[in-house]
Visitor: 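Take a look at this one; I'll ask things after.
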Amino acid sequence: MTMVNAFDPARVADFAEDEAALIARRQRLLGPAYRLFYAHPVQVARAEGVWLYGRNGEAYLDAYNNVASVGHSHPHVVAALARQAATLNTHTRYITEGILDYAERLLATMPASISNVMFTCTGSEANDLALRVAKAVTGGTGVIVTENAYHGVTDLLAQMSPSLGPSAPISSMVRMVAAPTGLADAGAVLARNVGEAIDDMAAHGIRPAALLVDTIFSSDGVFADPAGFLAPAVEAIRRAGGIFIADEVQPGFGRTGAGMWGFARHGLTPDIVTMGKPMGDGHPMAAMAARPEHLEAFGRNVRYFNTFGGNPVSCAVGMAVLDVIEAEALIANSRDVGAFFKGELEALAAVDGRVGAVRGAGLFIGVDIVDAEGAPDGAAAAEIVNGLRERRVLISATGRRGHSLKIRPPMVFSQQNVELFMDRLRETLASL
Ligand code: PMP
C-alpha cells in the first residue's frame, strides 16, 4: 500500500543508538520492501486488551489493530490455542471434528444460500480462491474493484490492488471504479460506474467474472453510508453475468456493530464471502464461504488442499473468537462505543475546521483531514497520526490522498478509551 505515514530511513540518525541499530538490522535482514509505521517507529514487547506495551513497559492505546479483534492475547483464545496445540495439529486430509463444529458455527452467521466454507491461512489466499471459483462459475475473466482497493499480496491480487501504487501494475482484465461518494447518491453513482466498467469490458472482448469489494471500503477511505448503497452495483454485475464477492477481511466478525458482516448493512446476499484478519484474534487463519452450486462447478474436477488452512489449532482458535464475541457482546459494544466515538469526533469537527467528514460504522471510523479551503490534506493527516503516536495512541491514515484517519481499535474498546483518545487528539491538534 502507498503508506502515508511510513518511517523515513533517512531519519534513523535521530533515534537512540539501540533503536537505530535495530532498524538497521531489520533493513539488513528483511530487505527494502518492508515498511515501518510512523516517523518514529514503535517497538512493542507485549500486549493485552486494547494496550500495546513497549520494551520499557510504556503503554500505547491501540486504536488501529482490527486483527486483535477481541483484544490482544485474549486469555480464552490463548487457552484454546494452547490446549489444541498440546492435543493434535494436523491437516484436512484426516477426519477431525473441530473443523466441522467450527464450519457449522461460522456458516450459521451467513445467509442460508452460503452453506459451504473452505479454509485458507490468509485473506489473500481466500480472495485468490474466490476468483478461481468466480472464473469457473461465470466463464468470465473481468474483475471490477474500487480505485484505491487492496485485496492481497499474490501476483493475481496485486494486479487488482491499486492502493499499492503505480509501481504495481493493474491487470488488463481489471476495471477500477471511483470510491463511493459518501453522499446520498452513492448507490446510483457506484452502479453507474460499475455499468460503465462492464460496457468497457464488453468493448474489449472481456467477459465479467466478478465485482470484488471490501464492504467497508477501508483503503478507499472508509465508506459505510447510506446503508444499502452497494446493492444497485451488485445488481449490475449480476445482470452482466458476473458474481459478487464480498471481501469481509476488514469489516467482518462484528466490527460494524450491525451483525457479523459488512454486507448485511447493505441488505445483500453475496455469492462469495472472503474473510481473514480478525477471524483468529491474531492467529493466521482465513476462509472463503460460497454457494454449494458454485463450488460444484469449481470443485468437480479440481481438488483443494491447503496444508495449514483449517488445521485443528486454527479451528479451535476460530471457535474461541466466536465464543468471546458472543460472551462479551462485542457486536453491541462495537455499535454503542462506535456511535459514542463518532459523536465525539463529529462534535470536534463542528469546532475545528481541520476535521472534515466523519464516516463509518461501529468501531470502523474514517475522519477526513482538510485544509482551510476544505481540500484533502494528507500532510496534516500524517502529522496527526505521528502526533498521536508521540502521545502513545496508535492509528493510521488511508484513502487515495492519504487524508482520512483510519480508526479501527480492538472491539473491546470502551467509552473511557474513547475519552482518552479524544483528549490526545485535541492535544495533537493544538500542537500543530
Ligand atoms: N482484503 C482486504 C480488504 C484487506 O484489507 C487485506 C489485508 N490488508 C486482504 C484482503 C489480504 O489479507 P492478508 O494480508 O491476510 O493476505
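Sequence positions, counted from 1, serve as the residue numbers for this chain. If you're wondering where the values come from, they're calculated on a predicted model, not measured in any experiment. Every number for a ligand or one of its atoms is a count from 1 in the order of the listing.
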Visitor: Near Thr122, which atoms of ligand 1 are under 4.0 Å from a heavy atom of that residue?
Guide: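 Taking each heavy atom of Thr122 in turn, ligand 1 has 15 (O), 16 (O) under 4.0 Å.
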Visitor: Should you measure from each heavy atom of Asn127, which atoms of ligand 1 turn up under 4.0 Å away?
Guide: 1 (N), 10 (C)
Visitor: Has ligand 1 got any nitrogen or oxygen that is less than 3.5 angstrom from a nitrogen or oxygen of Glu125?
Guide: no
Visitor: By number and element, which atoms of ligand 1 are closer than 4.0 Å to a non-hydrogen atom of Ser124?
Guide: 11 (C), 12 (O), 13 (P), 16 (O)
Visitor: Between Asn333 and Glu328, do the side chains contain an N or O donor and an N or O acceptor separated by less than 3.5 Å?
Guide: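 No pair is found: no donor N or O on one side chain lies under 3.5 Å from an acceptor on the other.
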Visitor: Checking the side chain of His91 only, and the main-chain atoms of Arg93 only, is there a donor and an acceptor separated by less than 3.5 Å?
Guide: yes
Visitor: Enumerate the atoms of ligand 1 whose separation from the nearest heavy atom of Gln250 is less than 4.0 angstrom.
Guide: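 Close to Gln250: 3 (C), 4 (C), 5 (O), 8 (N).
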Visitor: May I ask you to establish whether Arg359 and Phe223 are in a cation-pi arrangement, using a distance under 6.0 Å from NZ or CZ to the six-membered ring centre and at most 45° from the ring axis?
Guide: yes
Visitor: Salt-bridge test for Arg401 and Asp377: reply yes if a basic N is under 4.0 Å from a carboxylate O, no otherwise.
Guide: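 Salt bridge: no.
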Visitor: Side chain or backbone, does Lys277 bring an N or O within less than 3.5 Å of an N or O on ligand 1?
Guide: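 It does: an N or O of Lys277 is found under 3.5 Å from an N or O of ligand 1.
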Visitor: Please determine if Asp247 has a nitrogen or oxygen closer than 3.5 Å to a nitrogen or oxygen of ligand 1.
Guide: yes
Visitor: In terms of side-chain heavy atoms, does His72 have a donor or acceptor partner in Asp62 at a distance below 3.5 Å?
Guide: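 On atom types as modelled, these side chains qualify, holding a pair under 3.5 Å.
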Visitor: Can you check whether Gly123 has an N/O within less than 3.5 Å of an N/O in ligand 1?
Guide: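 There is such a contact, yes.
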Visitor: Show every ring pair (Phe, Tyr, Trp, His ring centres under 6.0 Å) that has at least one partner inside residues 229-251, sequence neighbours left out.
Guide: Phe217-Phe229, Phe229-His266
